[in-house]
Amino acid sequence: MAWTNEDLREQFAEIATLLRLKGEDQFRVRAYERAADAIAAARVDLATLDRDELAALPGIGKSTAEKILEQRAHGTIRLLADLRAEIPTGLIELTRVPGLGPKTAVQLHRELGVDSVEALQAALEAQQVRELPGLGAKTEDNLRVAISRMGAKDTARVPVADALPVAEALRAELAALPEAVEVAYAGSLRRMRETVGDIDILAASTEPGPVMQAFHAAPVVREILAAGEKKSSVLTVRGLQADLRVVAPEAWGAALVYFTGSKAHNIRIRERAVRRGLTLNEYGLFQRDDAAEDGIGERVASRTEADVYAALDLDWVPAPMREDSGEVEAAAEGRLPRVVTLADLRGDLHGHSDWSGDGKVPLEDMVAAAAARGWDYWAVTDHAEDLALNGLSKAQMLARRERISALNEAVDITVLDGAELNIDGEGGLDYDWDFLLTFDWCVASIHTLFARGEAEQTQRILSAMQHPAVHAIGHPTGRKIGKRPGYDIDLDAVLDAAAETGTALEINGSPHRLDIAADVVRRAVERGVTLTIATDAHSLGDLDNARWGVLTAQRGWATAGDVLNCRALQGLRAFVAAKRERVG
DNA sequence: GCCGTTTTCGGCCCGACTGTTTTCAGTCG
């Protein structure tokens with residue numbers, strides 16, 4: 001039976017949910033949740049591990065290892081089957097209503113026979129819910145609103161590209177206040193996850209009141225969901241929830257750690273604190289003091305993130321790496337890789353001018369903007385002839401080449417004469433073989449025939465990589481976050497071929513793409529594949545995509561050494577020459 | 001159920017907000 005880590009993760013998560021509904025010991029429930037997280041974080045196929053190897057994974061012990069083997073042998077886990085038979089399936093559905101947790105779901109089922117969202121709606125109409133102990137009329141109202149929102153799909157995660165402008169608007173609004181000492185967005189947005197469930201804004205101030213008020217009054221805010229002295233939740237224009245926390249300036253670092261997460265990372269470092277006789281919360285790292293009423297003693301660290309990590313004998317962990325996928329152990333042992341930063345980039349290797357149909361800005365202006373960023377080189381990779389709408393004919397490319405030569409005499413940055421080639425259905429490319437060799441730099445991408453099967457699709461890319469002028473594969477999986485999945489390709493085969501042929505794989509920094517994704521970056525790094533961080537700029541503002549590309553590279557643990565455009569021009573030219581040697 | 005720089009037994013991350021309460025449980029992140 002073919003099954004994946006994801007299948008396993010779902011089954012353990014369901015066990016945890018059902019055990020919680022059953023009223024099982026919370027620590028046992030959490031152990032199953034952590035097992036599910038551990039499975040999600042595993043970067044090996046668990047089907048290939050034996051009992052001891054499974055039990056050696058953090059968060060997975062003897063019992064969970066047995067259940068994984070059980071699943072492998074029989075396709076099911078007995079415990080899960082028993083729980084499914086015992087707990088009404090409707091209860092899980094009920095707990096998906098925001099504000100309705102396991103305790104209330106069980107109570108509703110036991111007292112009123114409610115076993116579905118529909119049944120709950122009927123009970124709300126009949127005003128039966130307010131008769132139960134601990135529940136009232138206000139709770140009925142809240143549940144009604146929550147259910148109507150579920151129907152409107154307001155609660156779905158949104159692509160990071162859609163959340164970023166809202167977060168930036170809120171951040172700017174608050175940062176302009178004289179009362180705000182620091183303002184930043186944290187959470188999954190700061191970690192550069194591909195989709196976000198909400199926006200977390202953090203502010204440091206000695207006067208939270210005006211900051212809260214400004215948050216509630218921000219133009220992007222539609223509705224206030226909860227409002228306290230230190231914490232508020234609002235609904236913004238996109239149906240996206242935003243939370244603001246205001247802390248004292250001296251707590252900034254601890255608060256930033258806390259609100260950046262991930263939850264699993266936070267739990268990891270808090271446990272580390274506990275083992276050292278410390279306690280960590282959003283206000284700081286404190287000594288434990290059993291004599292004190294709240295058990296909290298002297299403050300050890302809190303001003304900056306680095307202070308907090310250092311006090312736990314950890315190297316500071318870049319936010320995108322905080323997913324409990326080995327970074328805490330690495331930080332403890334001083335072997336956290338020094339991941340690539342924006343300052344390491346020496347140039348950009350994928351961008352368009354208005355020579356191609358979809359570029360919006362003249363070549364000269366794009367070059368000036370690239371130079372203004374301090375880059376040493378910028379490759380203009382206008383579309384080639386096969387892309388009928390946007391592409392340049394050979395004659396047009398030659399004309400552009402003259403422009404580039406003249407420009408290179410005049411400007412303080414090296415403009416690379418490049419092209420974005422189109423990989424056709426059979427893996428063929430634009431122009432003729434020899435003409436391709438006259439470019440400084442070529443990136444080859446798939447733009448059509450997304451529906452082909454995995455074998456064919458993979459072969460298209462592998463064929464393109466065989467050409468000595470194909471230096472990188474652009475947006476290698478073709479996905480658009482929240483809009484379409486990537487085409488079917490055998491990523492292992494593509495990674496192996498990239499390493500073998502000396503072809504780079506692009507990390508496309510467009511927040512709509514982030515392609516290759518961070519988990520693929522990490523696999524690429526482990527195999528020694530060379531990467532590029534590319535903006536795919538079609539306008540001046542798109543040059544900022546470098547930032548999202550860098551954060552995605554950080555999520556994949558890539559160092560400057562893994563990234564081709566962190567090399568000086570000479571190193572880039574050597575890579576191009578080596579490709580020609582290797583497959584030419 | 002997991003795990004160990006106090007521990008192989010006895011702990012297990014921590015706090016804000018809401019709604020229902022007269023001090024707290026449930027939910028969320």
Side-chain angles (χ1 to χ4, degrees), chain A residues 12 15-16 19-20 24-38 54-68 79 94-108 129-143 145-146 155 186-188 196-202 208 212 224-233 241-247 251 254-255 257-286 288 294-296 312-313 324 332-333:
Chain A
F12 280 95
I15 288 173
L19 285 174
R20 174 166 284 130
E24 181 61 74
D25 171 63
Q26 58 162 321
F27 296 112
R28 185 161 175 244
V29 172
R30 227 187 89 205
Y32 278 106
E33 286 176 341
R34 295 190 64 178
D37 290 344
L54 287 168
L57 295 170
I60 294 178
K62 193 160 163 285
S63 166
T64 303
E66 289 290 349
K67 290 186 177 66
I68 293 173
L79 173 63
L94 281 180
T95 62
R96 296 212 181 97
V97 177
L100 204 173
K103 290 283 200 303
T104 311
V106 167
Q107 186 185 14
L108 288 168
V129 174
R130 67 178 63 182
E131 302 303 326
L132 299 181
L135 303 177
K138 183 64 181 161
T139 303
E140 282 186 346
D141 284 347
N142 289 346
L143 288 174
V145 171
T155 52
S188 51
V196 301
D198 64 8
I199 294 170
D200 294 297
I201 308 275
L202 182 64
M212 281 296 173
I224 297 167
L225 300 174
E229 281 178 40
K230 302 173 175 179
K231 177 179 169 179
S232 273
S233 296
Q241 186 175 324
D243 297 336
L244 170 67
R245 279 291 292 261
V246 185
V247 299
V257 170
Y258 176 75
F259 291 107
T260 298
S262 63
K263 190 177 175 190
H265 176 89
N266 284 352
I267 289 175
R268 226 34 193 313
I269 61 178
R270 285 179 180 203
E271 287 171 344
R272 188 176 176 87
V274 169
R275 284 201 299 277
R276 283 151 197 265
L278 304 168
T279 187
L280 177 62
N281 59 32
E282 57 263 58
Y283 302 113
L285 182 65
F286 299 90
R288 289 211 156 178
D294 59 1
I296 288 179
L312 290 169
D313 296 320
D324 190 25
E333 293 164 18

- prompt: Under a 3.5 Å cut-off for both distances, is B/dT8 Watson-Crick or wobble paired, and to whom?
  reply: none
task: Measure the spacing between CD of A/E24 and CD1 of A/I15 and express it to the nearest 0.5 Å.
output: 12.0 Å
- prompt: Within less than 4.0 Å of OP1 or OP2 of B/dT18, is there a side-chain N or O belonging to A/N142?
  reply: no
message: B/dT18, OP1 or OP2 - any side-chain N/O from A/T139 closer than 4.0 Å?
response: no
- request: Tell me which nucleotide among B/dT27, B/dC13, B/dC2 gets nearest to the side chain of A/P102.
  value: B/dT27
- line: CD of A/E282 to NZ of A/K231, rounded to nearest 0.5 Å, is 9.0 Å
query: Does the side chain of A/R96 get closer than 4.0 angstrom to OP1 or OP2 of B/dT27 through an N or O atom?
result: no
Beyond-backbone contact of A/R272 with A/L278, side-chain heavy atoms, under 4.5 angstrom: no
message: In whole Å, measure the gap between the P atoms of B/dG1 and B/dT5 for me.
response: 23 Å
task: Counting heavy atoms from C-beta on, name the nucleotide in B/dC14, B/dG29, B/dC12 closest to the side chain of A/T279.
output: B/dC14
message: If I take atom CG from residue A/L312 and atom CD1 from residue A/I269, how far apart are they, to the nearest 0.5 angstrom?
response: 6.5 Å
- prompt: Near A/E229 CD, under 6.0 Å, is it more than 12 heavy atoms from other residues, nucleotides or ligands?
  reply: no
message: Could you tell me how far apart A/R34 (CZ) and B/dC12 (C1') are, to the nearest whole angstrom?
response: 9 Å
message: On DNA chain B, does the nearest nucleotide to A/K103 precede the nearest nucleotide to A/L280 from the 5' side, or the other way round? Give the residue.
response: A/L280
message: Considering every strand and a 4.0 Å limit on heavy-atom distances, what is the contact class for A/Y32: base, sugar-phosphate, or nothing?
response: sugar-phosphate
field: Spacing of the P atoms in B/dT18 and B/dC12 (rounded, Å)
entry: 29 Å
- request: Mind checking the CZ-CE spacing from A/R245 to A/M212? Nearest 0.5 Å is all I need.
  value: 8.0 Å
- request: Determine whether any donor atom in the side chain of A/Y258 lies under 3.5 Å from an acceptor atom in the base of B/dG29, or the reverse, and answer yes or no.
  value: yes
- line: Within residues 259-269 of chain A, those residues having any heavy atom closer than 4.0 Å to DNA chain B are A/K263, A/I267
field: Nearest-angstrom distance from the residue atom CG of A/D198 to P of B/dT27
entry: 19 Å
- prompt: Using atom C1' of each nucleotide, how far apart are B/dG10 and B/dT6 to the nearest Å?
  reply: 12 Å
message: Working to the nearest 0.5 angstrom, can you tell me the gap between A/K138 NZ and A/R130 CZ?
response: 12.0 Å
field: Atom-pair distance (CG on A/D25; P on B/dC2), nearest Å
entry: 13 Å
task: Between A/R30 and A/E229, name the one whose nearest nucleotide on DNA chain B is closer to the 5' end.
output: A/R30
message: If the threshold is 4.0 Å, N to carboxylate O, is there a salt bridge linking A/R276 and A/D313?
response: yes
query: Can you list the steps and then say if A/T64 with A/L54 is a side-chain contact (heavy atoms from CB on, under 4.5 Å)?
result: CA-CA 8 Å; A/T64 303; A/L54 287 168; over 6 Å; no
query: Roughly, in whole Å, what's the span from CG in A/L132 to C1' in B/dT21?
result: 16 Å
query: To the nearest 0.5 Å, what is the distance between CD (A/E131) and CD (A/E140)?
result: 8.0 Å
field: Nucleotide nearest A/Y283 (side chain, heavy atoms from C-beta), chosen from B/dC14, B/dG26, B/dG15
entry: B/dG15
message: Whole angstroms only, please: what is the CD1-P distance between A/I224 and B/dC17?
response: 14 Å
- request: Do nucleotides 5-11 of chain B as a string where each nucleotide becomes B, S or -: B if the base has a protein heavy atom under 4.0 Å, S if just the sugar-phosphate does, - if no protein is that close.
  value: SS-----
- request: Please state how far atom CD in A/E24 lies from atom P in B/dG1, giving the value in whole angstrom units.
  value: 8 Å
task: Figure out the CG/P separation between A/L202 and B/dG29, and round it to whole Å.
output: 17 Å
message: Please report the distance separating the C1' of B/dT20 from the corresponding atom of B/dG26, rounded so that it comes out in whole Å.
response: 10 Å
query: Expressed as a whole number of Å, how far does the P atom of B/dT27 sit from that of B/dT21?
result: 16 Å
query: OP1, OP2 of B/dC13 versus side-chain N and O of A/R270: anything below 4.0 Å?
result: no
statement: Which of A/V196, A/I199, A/L225 passes side-chain contact (heavy atoms from CB on, under 4.5 Å) with A/Q241? Answer is A/L225
field: Distance, P atom - from B/dC17 to B/dC13, rounded to whole angstrom
entry: 23 Å
query: How would you label the contact of A/A227 with the nucleic acid (heavy atoms, under 4.0 Å): base, sugar-phosphate, or nothing?
result: sugar-phosphate
- prompt: Out of B/dT20, B/dA16, B/dC12, which nucleotide sits closest to the side chain of A/K138?
  reply: B/dT20
query: So what does A/A254 touch, heavy atoms closer than 4.0 Å: a base, only the sugar-phosphate, or nothing?
result: nothing
field: A/K62 NZ - B/dC2 P separation (whole Å)
entry: 10 Å
message: Applying side-chain contact (heavy atoms from CB on, under 4.5 Å) to A/L79 and A/Y32, what does each step give before you reach the verdict?
response: CA-CA 12 Å; A/L79 173 63; A/Y32 278 106; 3.4 Å; yes
- request: Name the closest nucleotide to the A/T64 side chain, picking from B/dA16, B/dC2, B/dG19.
  value: B/dC2
